[in-house]
2 protein chains.
Amino acid sequence: MDTSGIFAQFERHITLDEKEKLSIRSVLIPARLKQGEFVETVGKVTSNFIFVNLGCLMTYYTDAEGTDHVIQFAMAGWWTGDLHSFTKEEPSIYSTRALSDSEVFYLPKTDMEALLQKFPKLERYFRILFQNSIVSHQHRLIQNLSVTADQRYENFSKRYPSLEQYVPLKYIASYLGITPEFLSKIRRKRSGH
Amino acid sequence: MDTSGIFAQFERHITLDEKEKLSIRSVLIPARLKQGEFVETVGKVTSNFIFVNLGCLMTYYTDAEGTDHVIQFAMAGWWTGDLHSFTKEEPSIYSTRALSDSEVFYLPKTDMEALLQKFPKLERYFRILFQNSIVSHQHRLIQNLSVTADQRYENFSKRYPSLEQYVPLKYIASYLGITPEFLSKIRRKRSGH
DNA sequence: TGACGGACTTGAACCAGGTTAAGATTTAGT
DNA sequence: ACTAAATCTTAACCTGGTTCAAGTCCGTCA
């Protein structure tokens with residue numbers, strides 16, 4: 001499986017020589033996923049950080065009533081997974097699955113830790129990645145607290161136009177924090193009356 | 001100003017020798033804040049990352065209608081600030097101010113970058129810090145999407161009991177994503193009818 | 001090709017939480 | 001200590017969004 005995509009991402013923030021790339025490549029586990037396939041399921045400890053090479057994944061929480069709440073989508077070039085379970089080594093409370101046929105690389109936690117020890121520039125890479133991620137999370141929080149569902153949908157469409165082709169509307173509704181029914185109403189109003 | 005608190009935090013994840021501590025100490029800017037005093041204001045680029053040595057700070061967003069939305073509180077031992085402005089060097093959209101008389105250390109961005117270059121273990125420290133922060137942000141998002149305001153208040157009180165003594169209820173309401181009036185209703189019901 | 005299930009829409013009744021405005025209580029400044 | 005301002009509460013009314021139930025429009029697989 002082609003590793004140019006993942007190294008392109010690394011090289012947005014750090015530079016890697018061939019030896020380093022080789023070390024990284026040697027621990028990445030490539031996998032192909034069918035649409036709908038689960039990567040992580042509730043109750044098991046997540047042992048991999050996940051890079052999306054191709055396709056689209058989503059991570060969601062299922063509450064006590066059985067309602068799903070989408071935490072994040074992940075498109076090609078993004079890292080994803082259940083950071084809670086991965087970090088604390090507690091059973092996962094989220095599920096991650098493919099929204100389309102996808103290719104991913106798994107980076108097992110133990111290998112990731114070894115790499116971070118061996119190549120401190122990777123600490124830097126993930127520090128920057130996580131720092132940016134916090135900024136996005138704060139932005140989303142603020143959106144949920146300060147603008148109407150209608151506006152959130154408009155902003156979402158503008159910000160992630162490519163997601164609308166992969167993602168069923170019901171998951172977009174969930175991401176926006178509303179029901180599919182209400183998203184339907186918003187869309188009707190929006191498309192002229 | 002006493003730097004033992006900040007080094008105790010560093011040493012939760014990494015170990016530092018005296019030389020390294022000296023380097024860090026030499027760039028930290030200590031400051032005392034009066035209750036209500038602003039640390040960062042909307043419109044200016046944030047050039048400091050902030051460590052709370054004593055007291056309590058909060059960061060909030062003021063929307064188009066003039067309503068404040070609390071992004072985060074920060075107590076003694078926590079890092080805080082406007083990570084958006086700090087990272088992207090864009091004018092701040094958030095305000096940060098002291099909720100009580102406080103002591104903080106400012107870590108200027110240029111100094112922080114130099115330290116990170118010089119001591120890669122600091123990359124590690126902040127990588128871990130940010131990774132944990134993402135977990136908290138996701139937890140809060142999920143809470144906002146899946147439980148009632150009533151439950152959120154209960155969870156908040158349990159999780160941050162020490163905050164209730166510093167923080168006016170209207171800011172707790174804002175953090176929970178509700179109005180002060182509605183929080184009042186919740187509290188009334190809660191305290192025995 | 002038909003029938004099954006998943007995704008999307010519609011409409012009506014309903015509710016969690018918002019809005020407004022007024023009063024009660026605490027806090028802070030001089 | 002006195003006042004002004006900020007915080008907190010109460011109550012009546014309002015609305016964005018939910019719930020539930022029914023119906024439509026696919027894609028898919030025997």
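Quick caveat: nothing in here was measured; it's all calculated off a predicted structure. Quick note on labels: first sequence line is chain A, next is B, and so on, each numbered from 1. What's counted below: heavy atoms across the whole structure, side chains too, no hydrogens, waters or symmetry copies.
Atom CG in A:Leu169 sits roughly 15 Å away from atom C1' in C:dT10 (whole-Å rounding). Taking atom NZ of B:Lys185 as the reference point, atom P of C:dA16 lies 11 Å away to the nearest angstrom. Look at CG on A:Leu99: it is 16 Å from P on C:dG6, rounded to the nearest Å. One atom, CG of B:Asp150, and another, P of C:dC15, lie 17 Å apart when rounded to the nearest Å. Distance NZ (B:Lys34) to P (C:dT27): 17 Å, rounded to an integer number of Å. Between the NZ atom of B:Lys170 and the P atom of C:dG18 there is a distance of 16 Å, rounded to whole Å. Following rounding to the nearest Å, A:Glu164 (CD) and C:dA7 (P) show an atom-to-atom distance of 16 Å. Between the P atom of C:dG17 and the CD1 atom of A:Ile178 lies a distance of 16 Å, rounded to the nearest Å.
Where B:Arg152 and A:Pro168 meet DNA chain C, the nucleotide closest to each residue was compared, and A:Pro168 sits on the side nearer the 5' end. Projected onto DNA chain D by closest heavy-atom contact, B:Pro180 and A:Val147 fall at different nucleotides, the more 5' of which corresponds to B:Pro180. Comparing A:Ala149 and B:Val167 against DNA chain D, the residue whose closest nucleotide sits nearer the 5' end is B:Val167.
Note on A:Gly177: only backbone sugar-phosphate atoms sit closer than 4.0 angstrom, heavy atoms only; bases stay farther off. Among the heavy atoms of the strands, none lies under 4.0 Å from A:Glu65.
Using a 4.0 Å cut-off, some side-chain N or O of A:Arg188 falls inside it from OP1 or OP2 of C:dG11. Checking the phosphate oxygens (OP1, OP2) of C:dC8, no side-chain nitrogen or oxygen of A:Arg187 falls inside 4.0 Å. Under 4.0 angstrom from either OP1 or OP2 of C:dT27 there lies no side-chain N or O belonging to B:Gln35.
Remark: the backbone N or O of B:Tyr175 is paired with a side-chain donor or acceptor of B:Arg140 at under 3.5 angstrom. Looking only at distances, no side-chain donor or acceptor of A:Ser92 sits under 3.5 Å from a matching main-chain atom of A:Ser85. Here the side chain of A:Asn48 pairs no donor or acceptor atom with the backbone of A:Ile50 at under 3.5 angstrom. Of the possible donor and acceptor atoms, none in the side chain of A:Thr87 sits under 3.5 Å from a partner among the backbone N and O of A:His84. Using modelled atom types, one side-chain atom of A:Arg152 and one backbone atom of A:Val147 make a donor-acceptor pair closer than 3.5 Å.
Checking C:dA21, C:dT9, C:dG18 against the side-chain heavy atoms of B:Glu181 singles out C:dA21 as nearest. Checking C:dT20, C:dT9, C:dG17 against every side-chain atom of A:Ser184, the shortest atom distance belongs to C:dT9. Of the candidate nucleotides C:dT9, C:dA7, C:dG18, C:dG18 has the atom nearest to the side chain of B:Phe182.
Between A:His137 and B:His137, the ring planes lie tilted relative to each other; the angle falls in the 30° to 60° range.
Taking a heavy-atom distance under 4.0 Å as the criterion, the stretch of DNA chain D touched by chain A extends 5' to 3' from D:dG17 to D:dC20.
Checked by atom type, the side-chain pair A:Asp150/A:Thr148 shows no donor-acceptor distance below 3.5 Å.
Between atom CZ of residue B:Phe126 and atom CZ of residue B:Phe10 there is a gap of 4.5 Å, rounded to the nearest 0.5 Å.
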